[in-house]
Amino acid sequence: MLLYKNSRIVSHQFCNTLSKMENLCLVFLLIISFVFPVLGQGGLKTGFYSSSCPNAESIVKSTVQAEFNKDPTIAAGLLRLHFHDCFVQGCDGSVLISGSSAERNAVTNTGLRGFEVIDDAKSQLEASCPGVVSCADILALAARDAVDLVGGPSWGVPTGRRDGRNSSSSEAMNLPSPFDTVEVQRSKFADKGLDDHDLVTLVGAHTIGQTDCRFFSYRLYNFTKTGNADPSIDQQFLTQLKTICPKDGDGLKKVDLDKDSQLNFDVSFFKNVRNGNGILESDQRLLGDSSTKDVVDKYAGSIRGLLGLRFNYNFKQAMIKMSSIEVKSGTDGEIRKVCSRFNHYY
């Protein structure tokens with residue numbers, strides 16, 4: 001533990017002296033990340049189940065792989081599911097609970113998917129190691145495996161989370177929204193211990209997945225309430241979007257969040273934002289704030305972005321940080337038998 005902490009301190013001190021050589025700094029940090037183990041917050045650690053359930057991670061991975069082979073779009077669904085879980089009461093699997101007043105039924109969780117994948121993995125794990133692996137950990141592992149399957153980075157997931165005993169739709173009303181300004185996004189992320197760099201990096205998950213026309217069509221036809229389009233949208237792209245989402249058309253029609261490669265985890269999303277081709281207003285607004293714009297520009301640039309290496313490295317770090325939000329460990333919470341129900345139902 002001490003060696004790990006000292007290595008991190010030394011690495012960041014090293015980087016501070018290399019402000020004009022940031023690419024070299026990133027390479028150095030990449031090497032450090034491979035040499036030393038990943039430690040999370042709240043008592044989490046990689047390999048938590050190495051003795052108690054040695055096949056835990058392989059079971060989750062094979063389950064995600066099987067579903068991905070049938071439907072590659074599930075990757076974005078699982079990643080979003082983990083994000084929404086962590087932003088409400090921490091990463092405790094509360095979003096998995098079923099029920100009319102449960103978190104998953106909040107309007108802010110409209111369109112969440114992937115529940116059946118988590119349930120499938122849980123049933124297999126209960127057969128192999130009953131009462132050992134939490135649903136919250138399954139979700140964190142599944143998100144990592146989903147990113148890996150679409151060509152993104154993989155990372156050691158610190159595990160040891162326990163499942164929460166509360167799930168309320170009212171608690172989920174302050175999730176980040178596609179209509180949020182940068183200031184509102186910044187505030188919501190800061191409340192979870194995440195900074196501007198984390199914000200932009202995690203929003204980069206929109207390099208995969210889709211949204212509905214209803215969540216952005218107002219940008220195309222009545223952005224200023226006078227019938228005008230959002231001026232930040234590239235004019236050629238605006239024409240394309242109007243064809244896909246005609247006025248008074250089907251608001252549930254799906255649109256790729258990354259117009260160039262929605263099934264590939266890459267930096268084209270940031271290039272789209274830089275060029276006025278962001279779909280959601282909250283994404284495009286990242287270019288209008290100097291702090292978030294700097295991060296977008298770094299990821300979008302071929303040289304500053306090291307051909308995607310910078311984003312891949314930072315995304316791993318941001319995911320580890322996010323997946324440690326307000327975790328329950330030790331004797332807090334429970335290990336559910338079924339992910340959609342609290343244990344007191346048994």
Side-chain angles (χ1 to χ4, degrees), residues 42-44 48-71 74-106 108-146 157-172 175 323-346:
L44 306 184
F48 182 85
Y49 299 109
S50 58
S51 298
S52 58
C53 191
N55 295 324
E57 295 200 21
S58 62
I59 288 173
V60 174
K61 185 174 183 177
S62 64
T63 305
V64 174
Q65 175 79 69
E67 185 62 29
F68 179 83
N69 290 343
K70 294 184 291 183
D71 177 15
I74 196 62
L78 289 168
L79 184 54
R80 182 174 182 239
L81 192 59
H82 181 45
F83 179 94
H84 280 231
D85 181 42
C86 290
F87 262 70
V88 182
Q89 304 184 86
C91 310
D92 65 351
S94 55
V95 74
L96 303 173
I97 295 295
S98 61
S100 59
S101 61
E103 193 176 305
R104 69 197 282 180
N105 285 318
T108 49
N109 280 327
T110 298
L112 282 185
R113 53 194 295 256
F115 297 100
E116 71 285 351
V117 181
I118 306 303
D119 290 340
D120 186 4
K122 179 61 172 176
S123 64
Q124 294 180 57
L125 287 165
E126 284 299 298
S128 179
C129 318
V132 174
V133 183
S134 70
C135 299
D137 274 345
I138 295 172
L139 188 47
L141 291 167
R144 183 271 311 273
D145 295 334
V157 176
T159 44
R161 297 168 191 79
R162 289 172 65 85
D163 299 319
R165 293 192 174 105
N166 179 57
S167 180
S168 171
S169 58
S170 62
E171 296 284 342
L175 277 163
S323 67
S324 298
I325 294 174
E326 301 169 26
V327 296
K328 297 169 178 63
S329 59
T331 59
D332 193 13
E334 63 184 15
I335 303 297
R336 287 186 212 136
K337 296 177 182 179
V338 175
C339 289
S340 60
R341 298 180 183 178
F342 298 121
N343 286 346
H344 66 246
Y345 284 105
Y346 293 91

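Numbering of residues begins at 1 and proceeds along the displayed sequence.
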Original post:
Where the side chain of Ser169 meets the backbone of Ala106, is there a donor-acceptor pair that is under 3.5 Å apart?
Top reply: no
Original post:
Hey, is the main chain of Gly160 close enough, under 3.5 Å, to the side chain of Asp137 for a donor-acceptor pair?
Top reply: yes
Original post:
Would Glu57 and Lys61 satisfy salt bridge (charged side-chain N to carboxylate O under 4.0 Å, His left out), going step by step from the backbone distance to the final call?
Top reply: CA-CA 6 Å; Glu57 295 200 21; Lys61 185 174 183 177; over 6 Å; no
Subject >> Nearest heavy atoms of Leu81 and Gly114, plus distance in Å >> reply: CD2-C, 4.0 Å
**OP:** Determine the minimum heavy-atom distance between Val157 and Ala140, stating which atoms define it.
**Re:** CG1-CB, 4.0 Å
Original post:
Hey, does the side chain of Glu334 reach the backbone of Asn343 with a donor-acceptor pair shorter than 3.5 angstrom?
Top reply: yes
Original post:
Does the side-chain contact (heavy atoms from CB on, under 4.5 Å) test come out yes or no for Ser340 and Ile97, once each step is laid out?
Top reply: CA-CA 4 Å; Ser340 60; Ile97 295 295; 5.8 Å; no
**OP:** Using distance alone, with no hydrogens and no angle criterion, decide if Thr63 and Gln124 have a side-chain donor and acceptor under 3.5 Å apart.
**Re:** yes
**OP:** Would you mind reporting whether Ile59 and Lys122 have side-chain heavy atoms less than 4.5 Å apart?
**Re:** no
**OP:** Considering non-hydrogen atoms only, spot the tightest contact between Gly330 and Arg162 and give its length.
**Re:** O-CD, 2.9 Å
Subject >> Partner set under side-chain hydrogen bond (donor to acceptor under 3.5 Å, both in side chains) for Thr159, not counting sequence neighbours >> reply: none
**OP:** Hey, could you give me the CZ/CG distance between Arg144 and Leu141, rounded to the nearest 0.5 Å?
**Re:** 5.5 Å
Subject >> Trace of the side-chain contact (heavy atoms from CB on, under 4.5 Å) decision for Gln65 with Asn69 >> reply: CA-CA 6 Å; Gln65 175 79 69; Asn69 290 343; 2.9 Å; yes
Subject >> Under-4.0 Å salt bridge between Asp92 and Lys328 >> reply: yes
Original post:
Which heavy atom of Ser167 sits nearest a heavy atom of Gln89, and at what distance?
Top reply: CA-NE2, 4.1 Å
Subject >> Straight-line distance of Cys86 SG to Leu175 CG, nearest 0.5 Å >> reply: 11.0 Å
Subject >> Donor-acceptor contact present, side-chain Asp163 to main-chain Ala136, <3.5 Å >> reply: yes
Original post:
To the nearest 0.5 Å, what is the distance between OH (Tyr49) and SG (Cys129)?
Top reply: 10.0 Å
Subject >> Any donor-acceptor pair under 3.5 Å from Arg104 side chain to Thr110 backbone >> reply: no
**OP:** Please assess Leu44 against Arg161 for the test side-chain contact (heavy atoms from CB on, under 4.5 Å), listing each intermediate value before the final yes or no.
**Re:** CA-CA 7 Å; Leu44 306 184; Arg161 297 168 191 79; 3.8 Å; yes
Subject >> Stepwise side-chain contact (heavy atoms from CB on, under 4.5 Å) test for Leu96 and Asp85 >> reply: CA-CA 8 Å; Leu96 303 173; Asp85 181 42; 5.9 Å; no
Subject >> Where Ala142 and Ile118 come nearest, the two heavy atoms and their spacing >> reply: CB-CD1, 3.9 Å
Original post:
Say you draw a straight line from CZ of Phe342 to OG of Ser98; how long is it, rounded to the nearest 0.5 Å?
Top reply: 9.0 Å
Original post:
Hey, does Val64 have a side-chain heavy atom less than 4.5 Å from the side chain of Val117?
Top reply: yes
Original post:
Nearest 0.5 Å, what's the CD-OG distance between Glu171 and Ser94?
Top reply: 9.0 Å
Original post:
So, Arg113 side chain and Arg80 main chain: donor-acceptor pair closer than 3.5 Å or not?
Top reply: no
Subject >> Value rounded to 0.5 Å, distance of OG in Ser323 from CZ in Phe83 >> reply: 12.5 Å
Subject >> Donor-acceptor under 3.5 Å (Ser128 side chain, Leu125 main chain) >> reply: no
**OP:** Kindly give the heavy-atom pair with the smallest separation between Arg336 and Cys135, and that separation in Å.
**Re:** CB-SG, 3.9 Å
Subject >> Contact check, side chains of Val133 and Ile138, non-hydrogen atoms, under 4.5 Å >> reply: yes
